[in-house]
Amino acid sequence: MKASSKKATSRKRKTFYITTPIYYVNDVPHIGHAYTTIAADVLARYKRLRGYDTFFLTGTDEHGQKVQQAASKKGLDPQTHADRMVAAFKELWKRLTISNSDFVRTTEERHKRVVQEVLRRLQETHVLYTASYEGWYCLPDERFWADDEVVEGKCPECGRPVERISESNYFFKMSAYRDRLRRHIRRHSGFIQPESRRNEVLGFLERPLEDLCISRPRARLAWGIPFPFDPDYVTYVWVDALVNYISVPGYGTDKRRFAKWWPADVHLVGKDILTTHAVYWSTLLMALGLDLPKTLFAHGWWTVDGEKMSKSRGNVVDPNAMAAEYGTDAFRYFLLREVPFGQDGDFSKPAITARYNSELANDLGNLFSRTLTMIERYAGGVVPEPHPKGVKAEDRRMVELAKSLYRTVGSEMDRFAFHRALREIWALVDFANRYVERSAPWDLAKEPRNRVRLDVVLYHLAETLRILAVYLFPFMPTTAQRMTTELGWATSLEQALKPQDFQWGRLKPGRPVQKGKPLFPRIELPQTLPERETAAPATPSKESVMELTRTEPSFISIDEFRKLDLRVGRIVTAEKITGADKLLKLSVDIGTETRQVVAGIATKYAPDLLIGKSVVLVANLKPAVIRGIESQGMILAAGDKTVEALATFIEPVEPGTRVK
RNA sequence: GGCGGCGUAGCUCAGUGGUAGAGCAGGAGAAUCAUAAUCUCUUGGCCGGGGGUUCAAGUCCCUCCGCCGCUACCA
């Protein structure tokens with residue numbers, strides 16, 4: 001609880017060293033990469049603002065079998081392949097305004113040297129040994145399987161026969177560090193976060209810990225860093241990759257620099273690679289006689305439209321496209337606001353659109369816009385002088401709230417609770433909007449004798465927005481900096497602020513403001529309203545009447561009709577299907593179960609307005625896959641080519657009721 | 001299977017043994033500075049089921065149901 005997080009270096013400037021994992025270049029960057037990196041960037045920017053000398057490291061992991069495979073699939077040598085992927089990552093980070101201090105590639109000389117130095121030291125400390133391992137090997141897949149994984153002598157992945165081979169390798173005596181590691185985790189409650197992950201790691205360490213194989217025979221895998229004392233082997237990629245955290249700050253090459261930054265304050269990682277960091281990395285550091293990082297934070301994963309993201313589903317979110325569609329700042333904001341950091345979250349266009357419109361456009365953007373307009377209209381376009389005589393209790397409350405952000409936002413940020421930090425910030429946004437209504441500057445402006453009061457109100461709004469910009473900067477750097485510029489406060493937020501910059505009253509009266517375009521123009525939804533459920537039925541068009549009369553009457557028997565299983569369904573969720581104008585994905589509760597249905601009604605109905613509506617579902621229609629999504633039924637609506645009205649019920653009915 | 005977590009308003013979730021809450025969505029109204037953005041009021045809960053401890057249980061215990069996570073060296 002009482003975190004011993006004060007660094008011993010506080011004599012000089014406080015330092016902050018934060019890392020992302022280095023990303024494996026077997027695939028293009030997706031939302032998961034963007035998420036970790038944006039979170040790290042937010043923390044780095046936040047710490048810089050608060051005066052920390054900050055080192056923010058990211059990079060790419062380029063060795064190993066999968067990279068070799070990905071390269072040869074494209075007919076490239078691994079280095080060329082890696083070079084191309086690296087360009088994609090670097091471009092994305094630029095687009096997402098990532099302020100990393102360095103970018104490490106594991107194929108760089110500065111890194112390889114240190115990996116070899118690490119291996120030498122491990123060898124010298126006698127924590128390495130060679131042993132041969134025997135297992136089932138699938139030649140085409142180039143991978144081993146355990147005895148219980150092999151299915152009747154076949155590879156469980158590709159079904160081809162496996163062969164028994166034995167191989168000699170270098171092993172790291174990881175098992176020897178189990179108890180020390182357990183003690184460390186128990187004694188440092190903040191070492192592994194969130195707490196649930198910490199418990200998982202402790203649970204994992206209940207069982208015996210085995211040693212770690214840290215080499216690969218060169219004959220089988222050439223794409224790696226050679227062992228310095230045995231040219232027949234290359235380094236296991238995880239060991240190679242983890243060392244980046246110390247190779248860049250100068251381990252083995254620059255003592256002073258290394259002492260300045262190590263131990264790292266935070267390694268941010270995805271939950272999928274927590275064990276690797278918590279166990280392999282920690283024990284390796286112990287073997288090297290180095291301190292462990294102060295915090296290892298494992299964040300959650302994103303699903304997309306409620307489904308797991310995967311290449312085969314084709315629903316992988318491209319961060320470039322999202323930044324282009326919503327703007328980098330809005331994308332950053334959404335990722336950190338939507339979900340408590342550490343938990344899984346769901347990414348969907350309706351969700352980001354909802355937050356964008358209500359929080360960014362309506363709450364913040366509009367507050368900024370109305371304030372600047374009023375300063376232009378009622379104060380000649382300059383920040384007015386807040387005469388103490390005009391100050392009321394209401395104003396002081398807002399000042400107090402604004403000042404309190406230093407503490408409240410600070411403590412949430414220190415706990416990696418980005419969403420809560422944003423909630424604290426929004427408490428001020430909301431207060432300011434209420435403040436506008438209660439002070440009603442447009443009324444004050446009608447009477448010249450209210451001049452002093454009017455100036456006080458307008459100044460309080462402008463200064464509140466300046467303070468908001470300070471706290472928003474880590475999350476939305478471009479927007480925040482634009483706010484300060486338009487408010488006439490010419491201070492770069494890219495660096496440490498002066499203490500008074502966080503305090504009230506920094507904005508100088510007399511400075512001109514410069515109102516620009518809306519910070520976040522509203523995103524207009526495709527369709528606003530299906531009137532009421534009880535709306536009059538749409539009058540049939542002439543064409544459809546014609547068609548009806550032209551149609552030959554062909555009868556079906558009552559038995560044929562009975563084959564139809566029509567049910568009352570209640571729409572539980574509804575959302576647009578990406579890339580399809582007309583389609584909505586619905587989940588429909590039919591009492592006994594919930595069906596996923598693809599319906600071509602998006603041009604008529606906005607998804608949100610459908611939720612809760614009762615519809616008629618053809619429950620025994622053969623499932624079909626539409627746009628890659630399985631549709632388990634059909635809902636009924638009037639209209640032939642275009643949807644005119646959804647079939648629904650006048651009285652409330654239980655979902656699942658038979659329709660005849 | 002083992003260990004751990006979760007189940008609260010239509011949705012997402014907060015809730016230290018003491019009168020069930022927030023945001024969004026829904027409903028009504030006010031205002032006109034603003035991107036029709038804002039503000040005020042408001043509808044809405046067998047707190048998963050059952051049992052127990054207690055003066056008192058969303059909260060503690062047991063049990064059942066449902067969902068989720070971890071279970072390494074991918075050699």
Could you please name the partner base of [N], counting Watson-Crick and G-U wobble pairs only when both distances are under 3.5 Å?
N: B:rC33; value: none
N: B:rG10; value: B:rC24
N: B:rC55; value: B:rG18

Would you kindly give the [atom1]-to-[atom2] distance between [X] and [N], to the nearest whole Å?
X: A:Phe171; N: B:rC73; atom1: CZ; atom2: P; answer: 13 Å
X: A:Asp211; N: B:rC73; atom1: CG; atom2: C1'; answer: 10 Å
X: A:Arg438; N: B:rC39; atom1: CZ; atom2: P; answer: 10 Å
X: A:Arg198; N: B:rC70; atom1: CZ; atom2: P; answer: 19 Å
X: A:Gln343; N: B:rG69; atom1: CD; atom2: C1'; answer: 12 Å
X: A:Glu524; N: B:rA37; atom1: CD; atom2: C1'; answer: 11 Å
X: A:Asn366; N: B:rC39; atom1: CG; atom2: P; answer: 9 Å
X: A:Ile523; N: B:rA37; atom1: CD1; atom2: C1'; answer: 14 Å

Pairwise C1' distance for B:rC67 and B:rG49, with rounding to whole Å =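 That atom pair is separated by 15 Å.
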
What distance, rounded to whole Å, do you find between the two C1' atoms, one in B:rC64 and one in B:rG7?
->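 14 Å, rounded to whole Å.
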
Name the one of A:Phe418, A:Phe341, A:Phe334 that satisfies ring-ring contact (aromatic ring centres under 6.0 Å, His included) with A:Tyr35?
->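 Exactly one option meets the ring-ring contact (aromatic ring centres under 6.0 Å, His included) with A:Tyr35, and it is A:Phe341.
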
Give a yes or no on this: more than 12 heavy atoms of other residues, nucleotides or ligands lie within 6.0 Å of atom CD of A:Glu325.
->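 For A:Glu325, atom CD is crowded (more than 12 foreign heavy atoms under 6.0 Å).
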
If the glycosidic angle is within 90 degrees of 0 it's syn, otherwise anti, so just tell me which one B:rA56 is.
->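 That one's anti.
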
